[in-house]
**Q** 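Pasting a structure here, questions to come.
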Amino acid sequence: MMNIGLLIIRLVIGLLFIGHGAQKLFGWFGGYGIKGTGGWFESIGMKPGIAMAIFAGLGELVGGFLFATGLLTPIGGILIAGTMVMAIIKVHGANGLWATSNGYEYNLTILAIAISIALIGPGAYSLDALFF
């Protein structure tokens, strides 16, 4: 049952991060694409905005794919964790903990999940288990 639990966690988090990356990179799922995301990044002091949007989008897309499939899971977890650390530092941290005040509660939860799965492993239903 633990392996099924790990698979569910990996799929939900991983697929959501694939979606977030696609929003930033391609404008899918209601996202703003590279140009729109880059402009927003510039507005919060992350320069150059377009390059930062590409890095963030790739981190989310690739990290989400690796996490969902359980392939090179520690790398996927680190990529997801890195985007959450930046979200806390640049956007949500100043607002306190609670999401009701646009705080970092959600980001911290995802950060804990990503690091935990990276440390304990993806479980039996993963490409890591198949290949390594």
Side-chain angles (χ1 to χ4, degrees):
M1 295 306 275
M2 179 182 72
N3 289 309
I4 293 171
L6 290 168
L7 176 63
I8 292 168
I9 292 168
R10 286 193 356 262
L11 286 175
V12 169
I13 300 299
L15 292 174
L16 288 172
F17 269 81
I18 290 170
H20 278 284
Q23 287 177 317
K24 287 176 179 66
L25 295 171
F26 313 121
W28 296 355
F29 312 117
Y32 299 106
I34 293 171
K35 188 173 180 176
T37 303
W40 181 72
F41 278 3
E42 290 263 347
S43 77
I44 62 169
M46 295 178 68
K47 297 179 182 180
I50 289 178
M52 297 306 285
I54 292 169
F55 288 137
L58 285 174
E60 290 174 348
L61 187 77
V62 172
F65 174 80
L66 295 175
F67 207 74
T69 60
L71 177 65
L72 305 173
T73 306
I75 295 171
I78 289 167
L79 290 169
I80 290 171
T83 61
M84 291 298 92
V85 167
M86 288 305 297
I88 291 168
I89 292 170
K90 297 302 288 182
V91 180
H92 301 283
N95 300 321
L97 176 63
W98 302 111
T100 52
S101 299
N102 198 29
Y104 61 91
E105 172 185 10
Y106 171 77
N107 309 103
L108 184 61
T109 302
I110 300 300
L111 178 62
I113 291 168
I115 290 172
S116 296
I117 299 294
L119 290 172
I120 64 174
Y125 305 121
S126 67
L127 293 179
D128 282 349
L130 181 66
F131 295 131
F132 307 109

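Note that this is a predicted model, so its numbers are computed, not measured.
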**Q** Report yes or no: do Val91 and Tyr104 belong to one cluster of Ile/Leu/Val/Met/Phe/Trp/Tyr joined by side chain heavy-atom distances under 4.5 Å?
**A**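 No, because Val91 and Tyr104 fall into different hydrophobic clusters, even though each may have its own neighbours under 4.5 Å.
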**Q** Under the side-chain contact (heavy atoms from CB on, under 4.5 Å) criterion, do Val85 and Ile88 qualify, and how do the steps go?
**A** CA-CA 5 Å; Val85 167; Ile88 291 168; 5.7 Å; no
**Q** Going from CD1 on Ile115 to CD1 on Ile120, what distance comes out if it is rounded to the nearest 0.5 angstrom?
**A**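 One gets 12.5 Å once the value is rounded to the nearest 0.5 Å.
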**Q** Could you tell me whether a side-chain N or O of Asp128 sits under 3.5 Å from a main-chain N or O of Pro122, the two making a donor and an acceptor?
**A**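 Judged by distance alone, no pair lies under 3.5 Å.
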**Q** Heavy atoms only: give me the nearest Leu111-Ala81 pair and the separation to one decimal.
**A**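 Heavy atoms only, the tightest pair is CD1-CB, 3.4 Å.
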**Q** Are Ile113 and Ile4 connected in the hydrophobic side-chain network, where two residues link if heavy atoms are under 4.5 Å apart?
**A**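 Looking at the clustering, Ile4 is in a separate group from Ile113.
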**Q** Can you see which heavy atom on Gln23 is nearest to which on Trp28, and at what distance?
**A**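 Where Gln23 meets Trp28 most closely, the heavy atoms are CG-O, 3.1 Å.
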**Q** Are Val12 and Met2 connected in a single hydrophobic cluster, I mean Ile/Leu/Val/Met/Phe/Trp/Tyr linked by side-chain heavy atoms less than 4.5 Å apart?
**A**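 Result: no, two separate clusters.
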**Q** Report the C-alpha separation of Leu79 and Phe67 in whole Å, then their side-chain angles, then the decisive distance to 0.1 Å, and conclude whether the side-chain contact (heavy atoms from CB on, under 4.5 Å) test is met.
**A** CA-CA 9 Å; Leu79 290 169; Phe67 207 74; over 6 Å; no
**Q** Looking at OG1 of Thr37 and CE of Met52, how far apart are the two atoms once the value is rounded to the nearest 0.5 Å?
**A**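 Between atom OG1 of Thr37 and atom CE of Met52 there are 12.5 Å.
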**Q** Using the side-chain contact (heavy atoms from CB on, under 4.5 Å) rule, take Phe17 and Ile110 through it: C-alpha gap first, then chi angles, then the decisive distance, then the call.
**A** CA-CA 10 Å; Phe17 269 81; Ile110 300 300; 3.5 Å; yes
**Q** May I ask whether Ile78 and Met84 are part of the same hydrophobic cluster, defined by side-chain heavy atoms of I, L, V, M, F, W, Y residues being less than 4.5 angstrom apart, directly or through others?
**A**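 No; Met84 is not reachable from Ile78 via cluster members.
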**Q** Carefully, step by step, assess Phe41 and Lys24 under the rule side-chain contact (heavy atoms from CB on, under 4.5 Å).
**A** CA-CA 11 Å; Phe41 278 3; Lys24 287 176 179 66; 4.2 Å; yes
**Q** Which residue in the set Leu15, Ile18, Leu72 passes side chain to side chain contact (heavy atoms under 4.5 Å, CB included) when paired with Phe65?
**A** Ile18
**Q** When you group the ILVMFWY residues by side-chain heavy-atom contacts below 4.5 Å and let the links chain together, are Ile50 and Tyr32 in the same group?
**A** no
**Q** Quick one: OG1 on Thr100 to CG on Asn95, what's the gap to the nearest 0.5 Å?
**A**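 Interatomic distance, Thr100 OG1 to Asn95 CG, rounded to 0.5 Å: 10.5 Å.
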**Q** Using a 3.5 Å distance criterion without hydrogens, assess whether the side chain of Asn3 forms a donor-acceptor pair with backbone atoms of Ala124.
**A**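 Present.
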**Q** Minimum heavy-atom separation for Gly123 to Ala129, with atom names?
**A**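 Heavy-atom minimum between the residues: O-CB, 3.6 Å.
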**Q** Counting distance only, does the side-chain N/O of Arg10 pair as donor-acceptor with the main-chain N or O of Ile117 below 3.5 Å?
**A**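 Pair absent, no side-chain N/O of Arg10 close to backbone of Ile117.
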**Q** Hey, what do you get for CD1 (Ile75) to CD1 (Ile80), rounding to the nearest 0.5 Å?
**A**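 One gets 12.5 Å once the value is rounded to the nearest 0.5 Å.
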**Q** Please report the interatomic distance CD1(Ile54) to CD1(Ile34), rounded to the nearest 0.5 Å.
**A**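 Result: 4.5 Å between the selected atoms.
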**Q** Could you tell me the separation between the CG atom of Leu58 and the OG1 atom of Thr83, rounded to the nearest 0.5 Å?
**A**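 If I round to the nearest 0.5 Å, the distance is 12.0 Å.
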**Q** Answer yes or no: are there more than 12 heavy-atom neighbours, outside Lys35 itself, under 6.0 Å from its atom NZ?
**A** no
